Amino acid sequence: MTGTDLGMPAFPPFPEAAREAVHDEVLRANLRHATHTIRDKRARAVAELDDWDRLRAAGKAIKDHTLRHLDRYLLQLEAAVTAAGGTVHWAVDADEANRIVTGLVLATGEREVVKVKSMATQETGLNEALEAAGIAAYETDLAELIVQLGHDRPSHILVPAIHRNRGEIRDLFRSEMGRWGRPAPEDLGDDPRELAEAARLHLREKFLRAKVAVSGANFMVAETGTMVVLESEGNGRMCLTLPETLISVVGIEKVVPTFRDLEVFLQTLPRSSTAERMNPYTTMWTGTGTGTGTGEGDGPTAFHLVLLDNGRTDTLADEVGRQALRCIRCSACLNVCPVYERAGGHAYGSVYPGPIGAVLSPQLRGTANPIDATLPYASTLCGACYEVCPVAIDIPEILVHLRERVVQGGPVTREGVRVRIRPAHGHTAERAAMRAARLLLDRPGALRAGERLLSRARRLRPQRLPGPGRAWTDTRALPDVPAESFRDWWARERKAPQK
Amino acid sequence: MSSKDRILSRIRRAASGPDPEVPRDYLRVHAVRTPAERVDLLAAHLTDYRATVHRTDGDGLPELLARLLSRHESVLVPPGLPPYWLSAAGPARIHDRADSTPAALDRVGSVVTGCALAVAETGTIVLDGGPDQGRRRITLIPDHHVCVVRVPGQVVDSVPQALERLDPTRPLTWISGPSATSDIELDRVEGVHGPRVLDVVLLDAQ
Ligand code: SF4
């Protein structure tokens with residue numbers, strides 16, 4: 001069996017990739033503009049709700065409770081989806097998910113699918129698998145389209161084309177659109193309005209004739225079998241409504257117990273994510289509408305749900321690391337991260353960039369390869385990511401835990417089997433990671449900003465970390481933990497004798 | 001072992017530890033409002049997200065809809081739309097039949113619907129496929145959507161209140177302003193794939 005595939009396997013480790021990105025001025029300027037804009041807007045959207053902390057605590061608890069009984073809720077979900085006319089498939093890893101989807105598409109006789117942004121299918125590398133089977137997969141999010149036309153990789157969860165500016169996008173549309181369908185107008189300018197119009201026309205042709213769509217989902221409701229997709233552009237509604245066959249590939253951690261639970265996440269996700277009171281469109285559907293309710297005859301007549309493990313159960317087995325499975329992919333942690341802002345999304349070498357990527361990717365894939373051994377070092381431990389996280393994932397705590405794992409080795413679960421990984425100290429990747437991180441972060445301004453945020457984050461942190469992280473906190477009084485900048489940590493660790 | 005059994009058994013081995021009680025002490029509504037204040041807030045938030053808000057009563061509705069539809073040659077009409085709504089409107093009525101193709105619907109300029117409810121705190125209207133709303137595709141393909149909200153009866157304060165009133169087994173579409181993207185240098189552009197113009201009519205139905 002091959003290791004869990006999170007896409008982009010042949011990618012340089014974080015430090016090398018980060019060094020490249022730091023020297024790419026366009027990328028840095030775009031990222032800085034983007035992250036600061038969203039960050040400020042988000043703070044205002046969140047401030048509107050006096051009960052933000054309580055919503056955050058509820059969201060965390062709903063997810064933890066669900067993960068504790070994940071087997072039960074997945075079975076309940078399967079029963080509800082089936083009763084509503086859908087079919088549920090289970091995929092242990094990326095290959096199996098891709099095989100299932102490819103088979104389903106081929107069975108329809110179609111050789112073309114439209115796709116609405118789905119991190120799960122980026123994770124499995126579905127587009128490449130479909131292509132190998134002779135099926136064209138068209139991304140329909142504007143940003144994903146830009147990325148796809150540019151044979152590029154997404155660099156941000158929410159705005160995947162954040163690394164491209166308008167002039168580049170215009171050039172791309174002019175040169176590439178015609179190869180895939182309706183070409184862009186000859187005289188296309190670089191006004192975002194014009195560019196969006198070109199995308200609208202290019203994609204409409206595809207939506208109107210599409211017979212098969214592939215999506216992800218933000219939430220799945222166990223009690224009712226209801227799937228929920230939040231979006232802005234309307235391409236989601238197109239994909240979820242017009243085709244005859246709909247295939248949704250969703251990580252098993254996306255289930256919530258009840259319809260009522262959505263009242264928490266429908267308040268926290270849009271505000272954390274796009275900094276809006278509510279995103280323009282949210283679609284909820286239950287199976288094919290047959291068997292329950294009155295949705296029959298509205299939307300796809302065949303619905304397939306592919307439940308994806310791909311390293312999630314291994315992550316669940318780690319008491320400290322499992323909290324990463326609470327993530328609702330809002331991207332707020334990216335926008336406050338001083339490392340992300342400087343390094344850019346590509347440096348993380350997986351579909352999950354930024355702080356959440358630094359803790360999720362190594363866990364889903366295992367810390368055996370160089371990039372995953374370096375990812376836990378892609379942080380100043382400033383704690384800003386924890387503070388903004390709408391499900392209170394203590395990313396610094398997981399980072400510390402994973403660093404300990406890299407340096408000291410220890411037990412991990414891989415493909416359901418408990419194994420011990422060997423210590424990697426002295427590892428070239430580790431040394432390179434520290435060098436690159438220093439290059440990025442030896443800027444007093446950045447660290448000061450981080451330290452300011454800290455004092456607030458600290459309040460929320462326990463004196464001692466629970467679980468395996470304890471060994472680390474036992475020797476270092478916790479109030480100093482976040483304040484220990486990456487620089488200090490690095491300086492001390494470097495001096496520490498090799499164990 | 002099937003993949004399903006494998007995943008379930010991995011979960012059973014992995015899941016451990018405390019099972020937290022979910023604290024439900026967050027707010028059901030974020031302010032106490034009179035019905036009129038609730039409607040005003042809805043209007044303000046809809047406007048914020050670039051929907052155009054109109055107010056009328058039953059007598060003024062046909063005139064208003066006629067005016068909003070005047071730029072279009074045809075309008076999609078859900079099966080259960082009250083006939084008097086369009087009694088003064090000029091455009092040809094198009095019905096969504098089982099054999100209507102998406103391409104055929106793409107030639108229709110506008111659509112008029114009611115809604116299931118509206119949420120004041122977020123500026124959201126929710127469609128549930130009821131007789132005055134029709135199938136999801138008719139509010140998606142045309143470039144112009146006129147949505148009539150009966151106020152104050154159909155307006156709730158908050159997201160929690162909205163979910164209490166909705167039936168999850170129906171196809172639900174939550175709409176907060178026209179479709180939008182900020183994918184190009186974070187400049188917000190209204191209207192990508194969904195209707196680019198959203199008119200919301202607050203119909204005084206007291
Ligand atoms: S870790 Fe938290 S802040 Fe980051 S994307 Fe996930 S939910 Fe959002």
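Just so you know, these numbers come straight off a predicted model, no measurement behind them. In what follows, chains carry the letters A, B, and so on, assigned in the order in which the sequence lines appear, proteins first and then strands, with residues in each chain numbered from 1.
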Trainee: Please check this pair: side chain of R50(B) against backbone of P178(B), looking for a donor-acceptor N/O pair closer than 3.5 Å.
Mentor: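 The answer is no, because no donor-acceptor pair under 3.5 Å joins these two groups.
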Trainee: Can you say whether T315(A) sits under 4.5 Å from chain B via the side chain, the backbone, both, or neither, judging by heavy atoms?
Mentor: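 Contact with chain B involves no heavy atom of T315(A) at all.
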Trainee: When you check the side-chain N and O atoms of N235(A) and D141(A), is any donor under 3.5 Å from an acceptor?
Mentor: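 A donor-acceptor contact under 3.5 Å links the two side chains.
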Trainee: Check whether H89(A) gets within reach of chain B through its side chain, its backbone, both or neither, counting any heavy atom under 4.5 Å.
Mentor: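 Neither the backbone nor the side chain of H89(A) comes within 4.5 Å of chain B.
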Trainee: Measuring heavy-atom distances to chain B, does E231(A) have an atom under 4.5 Å in its side chain, in its backbone, in both, or in neither?
Mentor: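 The answer is neither part of E231(A).
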Trainee: Relative to chain A, which segment of D96(B) carries a heavy atom at a distance below 4.5 Å: side chain, backbone, both, or neither?
Mentor: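 For D96(B), neither part sits under 4.5 Å from chain A.
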Trainee: Heavy-atom distance under 4.5 Å to chain B: side chain of R312(A), backbone, both or neither?
Mentor: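 Neither the backbone nor the side chain of R312(A) comes within 4.5 Å of chain B.
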Trainee: Output the option from L140(B), T101(B), V119(B) having the highest count of non-hydrogen pairs under 4.5 Å with chain A.
Mentor: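 Winner by heavy-atom pair count: L140(B).
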Trainee: Identify which of D50(A), D64(A), L70(A) forms the greatest number of heavy-atom pairs closer than 4.5 Å to chain B.
Mentor: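 Between D50(A), D64(A), L70(A), the count favours L70(A).
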Trainee: Under 4.5 Å from any heavy atom of chain A, what part of P18(B) do you find: side chain, backbone, both or neither?
Mentor: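 The answer is the backbone of P18(B).
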Trainee: Please flag which part of E205(A) lies under 4.5 Å from any non-hydrogen atom of chain B: side chain, backbone, both or neither.
Mentor: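 It is neither, since no heavy atom gets under 4.5 Å.
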Trainee: Decide if atom CD of E164(B) counts as having more than 12 heavy atoms of other residues, nucleotides or ligands within a radius under 6.0 Å.
Mentor: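 Count over threshold, so yes.
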Trainee: When rounded to the nearest 0.5 angstrom, what distance separates CD1 in I141(B) from CD1 in I138(B)?
Mentor: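 It is 10.0 Å, given to the nearest 0.5 Å.
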Trainee: Which bit of A199(A) comes within less than 4.5 Å of chain B, counting heavy atoms only: side chain, backbone, both or neither?
Mentor: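 A199(A) touches chain B through backbone heavy atoms alone.
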Trainee: Under 4.5 Å heavy-atom distance to chain A, tell me which part of S16(B) shows up: side chain, backbone, both or neither.
Mentor: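 Interface part for S16(B): both.
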Trainee: Could you tell me which portion of T124(B) (side chain, backbone, both or neither) has an atom closer than 4.5 angstrom to a non-hydrogen atom of chain A?
Mentor: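 Contact with chain A: side chain only.
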Trainee: Are L198(B) and V200(B) close enough that some pair of their side-chain heavy atoms sits under 4.5 Å apart?
Mentor: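 Yes; the side chains approach each other to less than 4.5 Å.
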Trainee: Could you tell me whether a side-chain N or O of Y49(B) sits under 3.5 Å from a main-chain N or O of R277(A), the two making a donor and an acceptor?
Mentor: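 Flag set: sc Y49(B) to bb R277(A) pair under 3.5 Å.
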Trainee: Quick one: closest heavy-atom pair of R137(B) and L242(A), and the distance?
Mentor: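 Taking R137(B) first and L242(A) second, the nearest heavy atoms are CB-CD2, 3.7 Å.
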Trainee: For R72(A), is it the side chain, the backbone, both, or neither that has a heavy atom closer than 4.5 Å to a heavy atom of chain B?
Mentor: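 R72(A) has no heavy atom closer than 4.5 Å to chain B.
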Trainee: Would you mind telling me which of E78(A), E48(A), K60(A) has the largest number of heavy-atom pairs within less than 4.5 Å of chain B?
Mentor: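 Among E78(A), E48(A), K60(A), the one with the most close pairs to chain B is E78(A).
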Trainee: Quick check: do L68(B) and V201(B) have side-chain heavy atoms less than 4.5 Å from each other?
Mentor: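 Answer yes - side chains close enough.
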Trainee: Can you say whether the rings of H144(B) and H72(B) are parallel (under 30°), tilted (30 to 60°) or perpendicular (over 60°)?
Mentor: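 H144(B) and H72(B): parallel rings.
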Trainee: Is the shortest side-chain heavy-atom distance between K4(B) and L75(A) below 4.5 Å?
Mentor: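 The answer is yes; the side chains approach within 4.5 Å.
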Trainee: Under 4.5 Å, counting heavy-atom pairs only, tell me which of G236(A), A57(A), A58(A), G59(A) racks up the most with chain B.
Mentor: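 Highest number of heavy-atom pairs under 4.5 Å: A58(A).
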Trainee: Shorter than 4.5 Å, heavy atoms on both sides: which option in H69(A), R271(A), R209(A) has the most such pairs with chain B?
Mentor: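 Between H69(A), R271(A), R209(A), the count favours H69(A).
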Trainee: Name the region of R237(A), side chain, backbone, both or neither, that has any atom closer than 4.5 Å to a heavy atom of chain B.
Mentor: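 Interface part for R237(A): both.
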Trainee: Pick one of side chain, backbone, both or neither for D53(A), based on which atoms fall under 4.5 Å of a heavy atom in chain B.
Mentor: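 No part of it gets close to chain B.
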Trainee: Pick whichever of V264(A), L307(A), L230(A), L240(A) has the most heavy-atom pairs under 4.5 Å with chain B.
Mentor: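 Top count of heavy-atom pairs under 4.5 Å with chain B: V264(A).
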Trainee: Please flag which part of L262(A) lies under 4.5 Å from any non-hydrogen atom of chain B: side chain, backbone, both or neither.
Mentor: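 When you check distances to chain B, atoms from both the backbone and side chain of L262(A) fall under 4.5 Å.
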Trainee: Using non-hydrogen atoms only, which part of T413(A) is less than 4.5 Å away from chain B: side chain, backbone, both, or neither?
Mentor: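 For T413(A), no heavy atom lies under 4.5 Å from chain B.
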Trainee: Check each atom of L67(A) against the heavy atoms of chain B and say whether the ones under 4.5 Å are side chain, backbone, both or neither.
Mentor: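 Just its backbone gets close to chain B.
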Trainee: Could you go through W285(A) and V229(A), starting from their C-alpha distance and side-chain angles, then the distance that decides it, and tell me whether this counts as side chain to side chain contact (heavy atoms under 4.5 Å, CB included)?
Mentor: CA-CA 9 Å; W285(A) 77 98; V229(A) 168; 3.7 Å; yes
Trainee: Would Y73(A) and H65(A) count as a close aromatic pair, with their ring centres under 6.0 Å?
Mentor: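 Judged by ring-centre distance (under 6.0 Å), Y73(A) and H65(A) do meet the cut-off.
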Trainee: Would you confirm whether E197(A), through its side chain, and R193(A), through its main-chain N or O, come within 3.5 Å as a donor-acceptor pair?
Mentor: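 No, because the side chain of E197(A) does not come within donor-acceptor range (under 3.5 Å) of the backbone of R193(A).
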Trainee: Flag the one option from D51(A), I252(A), L208(A), V417(A) with the top tally of heavy-atom pairs under 4.5 Å to chain B.
Mentor: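 The option with the most such pairs is D51(A).
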Trainee: Taking E121(B) for the side chain and H30(B) for the main chain, is one N or O donor matched with an acceptor at less than 3.5 Å?
Mentor: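 Checking the backbone N and O of H30(B) against the side chain of E121(B), a donor-acceptor pair under 3.5 Å is found.
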Trainee: Identify which part of E96(A) has an atom lying under 4.5 Å from any heavy atom of chain B, answering side chain, backbone, both or neither.
Mentor: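 For E96(A), the side chain is the part near chain B, not the backbone.
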